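Start at 1 and go down the list; that is how both ligands and their atoms are numbered. In this text the structure is predicted, and so the values were computed from the model without any measurement.
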Amino acid sequence: MSTQRELFSSRLGFVLAAAGSAVGLGNIWGFPTQAASNGGGAFLLVYLLLAFLLAYPILMVELVIGRHARANPLDALRATAEGKTIAPLGAAIGGYGVLIASLILSFYAIVGGWMVSHALQPIATVLDQDAAASWLIEFSNPRNILFTTVFMALTVLIVARGVKGGIEKWSSRLMPLLIGLLVLLIVYVLTLEGAMEGLTVYLVPDFSQIASPQLIISALGSAFFSLSLGVGTMMIYGSYIDEKESLPQLGGIVTGLDVAIAVMAGFLIMPAMYVALASGVEIYAADGSLISEDTLIFTVLPALFNTMELAGLVVGFVFFALMSIAAVTSSISMLEVPVALMIEKTQFSRTTAAWLCGAVILCISTVILFNFGDLFGAVIAFTTRYSQPLLGMMFCLWMGWVWHRSAVLAELQRGAPAIESSLFWKVWPNYVKIVCPIVIVAIIWQSF
Ligand code: PHE
């Protein structure tokens, strides 16, 4: 444990950095259509509940372990089992987390690069560079490699500047901007023809769809990805929180913000889809479901922007700038995981570690790009569908069964002296020890 470890400078700094990590592509391209197809307003309620019932408790596990150990995930898990023969297993689990965080970044940087190139396309169009404009939005390896590199370089530049001067500073700048742009777009889209229909589909509750266990389990899975759990990101961010802060409170704020921005994104995406429908754009897939994820972002919405002429250029630029911001505040939290490990294990400076880790991960991205059909989907499934829940379960089991409960309590009491008599402390320890692992097994089971 080093006393000179850099910390977030304030509560707000942590909240914005952690919310920046949590709010990412998943919130914007996944959540709104998932909600609209699964019971609208009723789904929103269930999602809110699930975020607080499953994701929040696991977020707390990561924050408590991280702040206690003030170290990378590998050393943090080992430290909480100090003196026990099982300690090396903790290091192995932490190492697995670092690997998965790096692999998630390897595909996330590709998608982030697409966001940046799509944001530049309207600019090229305004400058009458039509060939460049179409090159920017056409799938090709030269474009993909260039923009993955640009996106990775942005990520490295921020992480290299440190916890306060890089991660906190840029999250504090970009998160308000993200919320501002989102509000601006929502207000504009709601004035267009067809928007109200989209809102109705999004919000009118249909409780008959809620009972499906399949639905609940898939919502749990996305809450997990959305809160950046299971890869050590939140453990690392936790390790930079000041001792005087109440962890349960901070975790609650971050969970609330993540859900709130996902719900807000629905106020943009769903009306936009129905505005697109009113202009003749196809918004349903062959099986009748709403088009979602990358096809939504790179096909449906650009088709809508095209119908809007000049306004479409502005809206397209603002939208892809928003997506780029959402992606970069998440990617820095992924890169910080291997970088923190490298700084703490070697003599390298933060700058060197950031460039080295970024370069290695960029090589992995390049391999994925050259074998796109075989690897892109496979890496996403391996990391987000299987590894993240599995690691989350291991963190829970580790805290519940390996770490001393008195030490957990002592860590929580640092910023929340009255915690012992709270409902949180009565429920949470056994809950993460027993209930969370069972639920996660169900999630993994279902995804097979
Ligand atoms: N939460 C991010 C998103 O929704 C993804 C993420 C996963 C970030 C794991 C960090 C670690 O896009």
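In terms of N/O distances under 3.5 Å, ligand 1 is approached by F225. Taking only nitrogen or oxygen atoms, main chain and side chain alike, S333 does not reach within less than 3.5 Å of ligand 1. Considering backbone and side-chain N/O of A22, one or more are found under 3.5 Å from N/O of ligand 1. Inclusion of M334 in the set of residues having an N or O under 3.5 Å from an N or O of ligand 1 is not warranted. On a distance-only criterion, Q388 and ligand 1 share no N/O pair closer than 3.5 Å.
For ligand 1, the atoms closer than 4.0 angstrom to any heavy atom of N27 are 4 (O). Close approach of ligand 1 to L25 (heavy-atom distance below 4.0 Å) involves ligand atoms 12 (O). Near G26, meaning under 4.0 Å from one of its heavy atoms, ligand 1 places the atoms 4 (O), 12 (O). Every atom of ligand 1 with a heavy atom of V231 under 4.0 Å away is listed here by number and element: 9 (C), 11 (C).
Side chains of S228 and S21: a donor on one and an acceptor on the other come within 3.5 Å. With no hydrogens or angles considered, a side-chain donor-acceptor pair links Y96 and S387 at under 3.5 Å.
The nearest heavy-atom contact from the protein to atom 2 (C) of ligand 1 is S21 O, 3.4 Å. Looking from atom 12 (O) of ligand 1 to the surrounding protein, the closest heavy atom is Y108 OH, 2.6 Å. In this structure, atom 8 (C) of ligand 1 lies nearest to the protein heavy atom S228 OG, 3.3 Å.
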Inset, instruction - Evaluate side-chain contact (heavy atoms from CB on, under 4.5 Å) for F320 paired with Q121, printing each intermediate quantity in order. - result: CA-CA 10 Å; F320 284 107; Q121 185 254 358; over 6 Å; no
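For an aromatic pair to be called close, the ring centres must be under 6.0 Å apart, and F31 with Y47 satisfies this.
Here T384 has no heavy atoms under 4.0 Å from ligand 1, in either its backbone or its side chain.
Using a 4.5 Å cut-off on side-chain heavy atoms (C-beta onward), L268 and M264 make no contact.
Applying the salt bridge (charged side-chain N to carboxylate O under 4.0 Å, His left out) test to residues at least two apart or on different chains, the pairs with a partner in residues 233-246 are R11-E245, D242-K244, E243-R414.
For the pair E411 and R67, the salt-bridge criterion is met [side-chain N within less than 4.0 Å of a carboxylate O].
The 12-atom threshold is not exceeded at CZ of F370, counting heavy atoms of other residues, nucleotides or ligands nearer than 6.0 Å.
Y237 and Y240 have tilted rings, their planes meeting at an angle from 30° to 60° on a 0 to 90° scale.
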